[in-house]
Amino acid sequence: GGVISFSSKTPKSYNYTKYSFIVNSLNDIALMYFINRSKRYLDWNIQADIKNQKGYRDHSASQSIIFNSQLKYRWKYFENFILSFNHLYSPYALDPGGLTSTQNVDNPKMARMENQLYDAGESVIQSKLSLRTEKYFDNKILLKTDLWFLHRTFDNKLPFEGGGQVDLVRNYYGINSKAIYHINFRKTLYKVMFGIEMNNLFDSRKRYDNLTGMRGNMVYNSDEKFLMGASYLQCQATLDNHQLYFGARIDYNQIKLKDNFFESDSLDNKSVYKNLTPLFGYRYQFNEKLASFVNYTTHFETPTLYEIGNSSELNPQHSVVGEIGFISESDRSEYSEIVLFKSKTTSEIIPFEMENEPGRSYFKNAGSTMREGLELSLRKNITQKSNLQFIHTFTNYRFVNFNSNGNVLNGNYFPAIPRYFGKLNFLNELNRNTEFDLEIYYAGKVFLDDNNTSSTSNYMLASLNVKRKLILFDRHATIFCYIENIFNTPYSSNIRMNAWGGRFFEPGPTRRYSIGIKF
């Protein structure tokens, strides 16, 4: 698995403004406004994003407004003191549902009839406030601390009657603090990091009957709590061309479910999970451009509140992970990497659907699974004005020990993961003010269920983005035209693995055009 990292734009110490407008051939509209201001010891910014999407398929429209703001105070007691606020308002995001193979071919734009009948979709209002500080002590120890609080209200409608509407209120807060210490001992540079982390999550979850879009009687009412505490230590030692990493993390997780609907406490549940995770790594620098590395760690993942609320007998999944790779880097524009990885997981959490509740996921543990693969990454200058970027992943993900409803599935491939996939970008600067980006994405066959009885075909998508810089209304502006899925390739933008009734497919859009302007 990979990591997705989101970072807010840190306020700058000068004034500037940006805004953009984008519209496409599906009648989707996106507006963005960003302002950054600075005065004396205070830098701040505000960004607003408004999106109104009609959607490619029937019953797939959505609307959202996102507001972000950051305030950075240059205080003599802190290297960084940043306060952030985020607010999301999404009044509706309709769900067209999954289609069968026949429906996917005959009419990919259609919505599942039951999804329209029960008005399937969701709405979300979420606010998050966070504080980040950085402080040096004696120019040797850097203390980084993050605090946050999140509040979310969530409503959804699923395409069935019994308990088909969910009303969720979530409060989530936590702290993450780590101290980083640098020390030189003879010829060796040591970097030591010690940290603690605590998260507390409270969900109030209610379910109601879905009477063709109207709210019926309450059928479920529970308070769900997730407490996580962890401490970790990591060390890095560098001597000449050798770099050694090692560390450990201790986790404590507690999940509580309190039923408020029935007088009996037979549905109440409390689970405690403890785990020790080691980490070992080594890197060798052959020369200025070429390096190799090897890493070994374990991975521990508890069921989520949603997962254990729907499937109370779930166990955490444990993984043992190893990788070896080579990196060649001359500068930021030229880079290549090859990585071989292998991991074995016990008690893998697998989703599936029930016949009378299509659209709601239930979960089970597989005995053990094996992931093996190869990752390639390349960034290369072809000419002074042309750049090539390429990534490719080959996967061999299989069940090693899995008995599902009496079926022995040992050796079967994981559903919803292609055997191979990759992306190629060719970027070219035609002149000082004009550039284009040709992107090609491809993916191999994907199995759709644990039994490997259904699969998709391989496919390739091509897109082209052309940008032109100019002066408009006495301001620097960029006009762009974006063509997606140039060759009208049929594909699924999402796979619903193990969906009941063979409704695996959520067709992606055909060829579409976007035009926009940014100031």
Side-chain angles (χ1 to χ4, degrees), residues 2 4-6 18 20-30 32 49 51 53 55-56 108 327-339 373-395 417-446 456-472 476-495 506-519:
I4 301 176
S5 177
F6 294 93
K18 299 192 298 183
S20 67
F21 172 78
I22 304 171
V23 63
N24 68 14
S25 53
L26 297 178
N27 293 320
D28 299 339
I29 296 175
M32 185 278 292
D49 292 88
K51 292 184 180 180
Q53 296 177 301
Y56 168 67
I327 298 174
S328 176
E329 184 174 17
S330 56
D331 54 46
R332 289 186 176 182
S333 61
E334 297 203 353
Y335 174 90
S336 60
E337 180 179 14
I338 180 170
V339 182
L374 170 71
E375 295 178 340
L376 295 170
S377 178
L378 174 67
R379 188 167 63 242
K380 175 71 175 176
N381 283 335
I382 301 175
T383 66
Q384 286 186 339
K385 296 185 177 181
S386 299
N387 182 268
L388 183 69
Q389 299 176 8
F390 173 68
I391 57 173
H392 176 87
T393 300
F394 170 77
T395 69
I417 299 176
R419 295 295 316 282
Y420 63 86
F421 57 94
K423 188 176 73 168
L424 184 146
N425 285 78
F426 176 68
L427 298 92
N428 184 263
E429 185 179 325
L430 297 176
N431 54 51
R432 186 176 179 180
N433 296 316
T434 307
E435 63 181 50
F436 72 83
D437 178 5
L438 175 64
E439 178 178 288
I440 297 174
Y441 173 83
Y442 58 89
K445 180 170 72 171
V446 175
T456 66
S457 301
N458 55 354
Y459 67 93
M460 183 186 74
L461 300 175
S463 302
L464 179 66
N465 189 9
V466 180
K467 298 180 181 180
R468 172 74 178 179
K469 296 178 182 178
L470 70 164
I471 302 296
L472 195 62
H476 291 279
T478 300
I479 295 178
F480 64 90
C481 177
Y482 189 33
I483 308 173
E484 300 176 81
N485 195 0
I486 295 173
F487 302 111
N488 255 342
T489 302
Y491 72 102
S492 286
S493 60
N494 185 47
I495 297 295
E506 293 190 33
T510 54
R511 185 190 303 117
R512 59 200 185 279
Y513 306 87
S514 300
I515 57 172
I517 184 168
K518 296 181 181 180
F519 288 93

Report task. List the steps, then state whether side chain to side chain contact (heavy atoms under 4.5 Å, CB included) holds for Ile327 with Tyr335. Result -> CA-CA 8 Å; Ile327 298 174; Tyr335 174 90; 3.6 Å; yes

For Phe519, the ring pair (Phe, Tyr, Trp, His ring centres under 6.0 Å) test, sequence neighbours excluded, returns Tyr19

Hits for side-chain hydrogen bond (donor to acceptor under 3.5 Å, both in side chains) against Asn433, two or more places apart or cross-chain, chain-then-number order -> none

For Asn425, the side-chain hydrogen bond (donor to acceptor under 3.5 Å, both in side chains) test, sequence neighbours excluded, returns Asp437, Glu439

In this structure, OG of Ser514 is separated from CD1 of Ile29 (nearest 0.5 Å) by 11.5 Å

Between Pro507 and Ser493, the two heavy atoms sitting closest are O-OG, 3.9 Å

Gln389 meets the side-chain hydrogen bond (donor to acceptor under 3.5 Å, both in side chains) criterion, sequence neighbours left out, with Asn387

Check your understanding: Under the 3.5 angstrom rule, does the side chain of Asn24 hit a backbone N or O of Asn27 as a donor-acceptor pair?
Key -> yes

Residues at least two apart in sequence or cross-chain that pass salt bridge (charged side-chain N to carboxylate O under 4.0 Å, His left out) with Glu506, listed by chain then number, are Arg496

| Should Ser377 and Phe390 count as side-chain neighbours, where that means a heavy-atom distance under 4.5 Å? | no

d(Phe421 CZ, Thr393 OG1) to nearest 0.5 Å is 4.0 Å

### Query
Should Ile391 and Leu376 count as side-chain neighbours, where that means a heavy-atom distance under 4.5 Å?
no

*asked:* Contact between Phe436 and Leu427 at the side-chain level, heavy atoms closer than 4.5 Å - yes or no?
replied: no

Sequence neighbours excluded, the answer for ring pair (Phe, Tyr, Trp, His ring centres under 6.0 Å) partners of Tyr442 is His392

Salt bridge (charged side-chain N to carboxylate O under 4.0 Å, His left out) pairs touching residues 477-491, sequence neighbours excluded, are Glu484-Arg512

Review point. Do Ile515 and Tyr482 have side-chain heavy atoms sitting under 4.5 Å apart?
Key: no

Closest non-hydrogen atoms of Thr395 and Pro418, given as atom of the first, atom of the second and distance, are OG1-O, 2.8 Å

Q. Passes side chain to side chain contact (heavy atoms under 4.5 Å, CB included), Ile440 versus Phe426? Steps please.
A. CA-CA 9 Å; Ile440 297 174; Phe426 176 68; over 6 Å; no

The complete set of salt bridge (charged side-chain N to carboxylate O under 4.0 Å, His left out) pairs with one or both residues in residues 459-470, sequence neighbours excluded, reads none

*Indicate yes or no for a side-chain donor-acceptor contact from Asn485 to the backbone of Pro509 under 3.5 Å, with no hydrogens or angles considered.*
yes

Side chain to side chain contact (heavy atoms under 4.5 Å, CB included) filter on Thr456, not counting sequence neighbours, yields Val446, Leu448, Ile495, Phe505

For Glu334, the salt bridge (charged side-chain N to carboxylate O under 4.0 Å, His left out) test, sequence neighbours excluded, returns Lys380

Applying side-chain hydrogen bond (donor to acceptor under 3.5 Å, both in side chains) to Ser386 and not counting sequence neighbours gives Thr383, Asn428

By ring pair (Phe, Tyr, Trp, His ring centres under 6.0 Å), Tyr459 pairs with (sequence neighbours left out) Tyr491

In the structure I gave you, are the side-chain heavy atoms of Ile338 and Leu374 within less than 4.5 Å of one another anywhere? yes

message: Counting C-beta onward and ignoring hydrogens, is there a side-chain heavy-atom pair between Ile22 and Phe480 closer than 4.5 Å?
response: yes

* Side-chain heavy-atom pair His476, Ile471 within 4.5 angstrom cut-off -> yes

Smallest heavy-atom separation, Gly508 atom then Tyr56 atom, equals O-CE2, 3.3 Å

Nearest heavy-atom contact between Asp28 and Gly55 is OD1-N, 3.5 Å

d(Met32 CE, Lys518 NZ) to nearest 0.5 Å is 7.0 Å

Is it true that a side-chain atom of Asn458 and a backbone atom of Lys445 form a donor plus acceptor pair closer than 3.5 Å?
-> no

Value for CD1 (Ile483) from CG (Leu464), rounded to nearest 0.5 Å, stands at 5.5 Å

